[in-house]
There are 2 protein chains.
Amino acid sequence: MTMSHPTTTPNGLLFLTDDQLRKGIEAMFFAYRGFTADPDRILAKHGYGRAHHRAIHFIHRSPGTTVNNLLSILGVTKQSLNRVLRTLVADGLVSNTVGARDKRERHLHLTEKGETLERALSDAQRDRMRYAFRTAGPEAVAGFRQVLEAMMDEDMRHSYEALLDGTE
Amino acid sequence: MTMSHPTTTPNGLLFLTDDQLRKGIEAMFFAYRGFTADPDRILAKHGYGRAHHRAIHFIHRSPGTTVNNLLSILGVTKQSLNRVLRTLVADGLVSNTVGARDKRERHLHLTEKGETLERALSDAQRDRMRYAFRTAGPEAVAGFRQVLEAMMDEDMRHSYEALLDGTE
DNA sequence: TTGGAATGTCAACAAGACTGACGTATTCTA
DNA sequence: TAGAATACGTCAGTCTTGTTGACATTCCAA
């Protein structure tokens, strides 16, 4: 019989079998599919993709953010982001205002229409997250976040923590 | 001051603020980037993408699996999978043998070369998962898996559990 | 004041997903 | 046993989203 739960060894390190780690890997794979499924359905109706969702989400989170700022959070090239941004501006979901202090910068905001779509997307995603959290219970939620935070790259954790400031 | 941890209400349901749920959503987003970062680097060297990784992973997990089987696990179209599979077979990483019982089926196996790449990919991914699990501790690992499993779609959870059979 | 750095835009291309249609071999079933 | 269903492969075309390269504008510092 194989061990199905991590145990602590005399040296104080967690003993982890390849099987336990693989289960974590596959859980991550299948869960992420569920995580994106609901927004994907809504986006498809509007002719958008996940890239649009990500842009909308972080503009909502940090109103007035610049393109460069968004780039470092999203981790894509500016040309890639620009294409998405262009369609969102053209469709009237995002507004694009020249910076007052630095005229090279463009400050991004969601319009009324943009906020409406953001609501629909985040409602759907929160519903699933709420169900998962309630099903698993409060201790599980704490563990979930601890593992995910340890899984991030150094610089991504910085982005993550910067977003958390003021809401913790 | 906002609540930063879930609490239980008199009706027995977890009380979850939008902030708590959003943190879960953003943690998922940033962690998944870390989750795929190491394999992505290795794949890029070989001229492959994530699609190749997924195929290699599940062929390794279920040697002799059929194309149809793989399709339902990966959740892509056969045209999409076929493109990936064709290059893997051409490059000598995957073998493709006609079924003995049912000659319509093709059974997929990793070659020696395929197993070598699989090792490199899964070693990298396991290293990160091990670090995350050790950093977070055993209770956190249990919670992590509980939340992820509750986050999966019904049919994905079936695939996930089917893969677990015999290893739990 | 001028040259370099920073910010953002446009154009072209590639990977990888999708749909739809079709062909072939094989198996199942009425 | 004939016809329907299944398993697999392929061609053609589209879409999203990533990439590089070239370029305009703006700011700043030598």
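Throughout, a chain's letter reflects where its sequence line sits, starting with A, and its residues are numbered from 1.
For A/R106 and D/dT26, the shortest distance from a side-chain N or O to OP1 or OP2 is not below 4.0 Å. A sub-4.0 Å separation between OP1 or OP2 of C/dA17 and a side-chain N or O of B/T77 is absent. Of the side-chain N and O atoms in B/S80, one or more sit less than 4.0 angstrom from OP1 or OP2 of C/dC18. In this model, the phosphate group of C/dA6 is not approached by any side-chain N or O of A/N68 to a distance below 4.0 Å at OP1 or OP2.
Across all strands shown, B/H52 has heavy atoms under 4.0 Å from sugar-phosphate atoms exclusively, and none from any base. Within the nucleic acid shown, B/N96 comes within 4.0 Å of sugar-phosphate atoms alone, with no base atom in reach, counting heavy atoms only. Among the atoms of the strands shown, none is found under 4.0 Å from any heavy atom of A/D40. Backbone-only contact: A/R50 has heavy atoms under 4.0 Å from sugar-phosphate atoms and none from a base. Counting any heavy atom pair closer than 4.0 Å across all strands shown, A/R86 reaches sugar-phosphate atoms only and no base atom.
Residues A/D40 and A/R50 are paired through a salt bridge, judged by an N-O separation under 4.0 Å between the basic side chain and the carboxylate. For the pair A/R119 and A/E115, the salt-bridge criterion is not met [side-chain N within less than 4.0 Å of a carboxylate O]. Between B/D18 and A/R126 there is a salt bridge, with a side-chain nitrogen of the basic residue lying less than 4.0 Å from a carboxylate oxygen of the acidic one. Salt bridge status for B/E26 with B/R22: present, with a side-chain N to carboxylate O gap under 4.0 Å.
Between B/G49 and A/K78, the residue anchored nearer the 5' end of DNA chain C, judged by the nucleotide with its closest heavy atom, is A/K78.
Listed nucleotides: C/dG20, D/dA7, C/dA5. Nearest to the side chain of B/E105: D/dA7.
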